[in-house]
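Questions regarding the structure given below will be posed in turn.
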Amino acid sequence: MLSRRLTRERRTVLAMIRLYCRDHHKTQGSLCPQCDGLRDYVQRRLDRCVFGGKKPTCAKCPVHCYAPDPRKQIKVVMRYAGPRMPLRHPFLALAHVIDGRRKAPSLPQC
Ligand code: SF4
Ligand SMILES: [Zn+2]
């Protein structure tokens with residue numbers, strides 16, 4: 001089962017991708033195939049995040065588990081949706097700012 005933190009982060013990323021897709025790809029209530037693929041990729045990364053519920057925000061992560069292309073794509077989405085989030089999703093935006101202050105915990109030794 002996902003922690004509350006990861007569940008919230010999934011909601012935040014989905015809200016940002018929706019915002020971006022609606023404004024750039026003229027979708028209403030659903031995602032275009034490209035953005036849906038990105039959503040799926042990001043959510044799989046979150047599900048497998050090595051930090052679990054104690055993760056930092058991905059932008060401040062020392063590991064950066066994303067492949068180069070989706071990393072570039074999500075940066076474009078965040079740059080667009082980030083400044084618009086406080087108006088559209090104030091709770092998620094505030095929580096993301098607070099999460100951004102967290103430091104990444106040490107990784108477990110193998
Ligand atoms: S980038 Fe870092 S914080 Fe984000 S999912 Fe990957 S390992 Fe976790
Ligand atoms: Zn789209």
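Note that ligands are numbered from 1 as they come in the structure, with each ligand's atoms numbered from 1 the same way.
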Inset, instruction - For the residue pair L14 and R18, establish whether any side-chain heavy-atom pair is separated by less than 4.5 Å. - result: yes
Legend entry - Approximate separation, where rounding is to 0.5 Å, of H24 NE2 and L19 CG: 9.5 Å
Inset, instruction - Return the minimal non-hydrogen interatomic distance between Y41 and C65, and the atom names on each side. - result: OH-O, 3.9 Å
Legend entry - Neighbouring protein N, O or S atoms of atom 4 (Fe) of ligand 1 [cut-off: under 2.8 Å, no waters]: C58 SG
Inset, instruction - To the nearest 0.5 angstrom, please state how far the CZ atom of R48 sits from the CG atom of L6. - result: 13.5 Å
Legend entry - Q73 side chain reached by V77 side chain, heavy atoms, under 4.5 Å: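 No; the side chains remain at least 4.5 Å from each other.
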Scan the side chains in residues 84-98 for donor-acceptor partners under 3.5 Å anywhere in the protein, sequence neighbours excluded, and list what turns up.
| from | atom 1 | to | atom 2 | distance (Å) |
| --- | --- | --- | --- | --- |
| R84 | NE | Y80 | OH | 3.4 |
| R84 | NH1 | Y80 | O | 2.6 |

Legend entry - Check: Y66 side chain, I74 main-chain N or O, donor-acceptor pair, under 3.5 Å: no
Inset, instruction - With 2.8 Å as the limit, jot down which protein N, O or S atoms are around the Zn ion (ligand 2). - result: C21 SG, H25 ND1, C32 SG, C35 SG
Inset, instruction - With E9 as reference, evaluate K55, R4, R102, K54 under the salt bridge (charged side-chain N to carboxylate O under 4.0 Å, His left out) test and give the passing residue. - result: K55
Inset, instruction - Can you sort out the partners of D36 under side-chain hydrogen bond (donor to acceptor under 3.5 Å, both in side chains), two or more places apart, ordered by chain and number? - result: R39
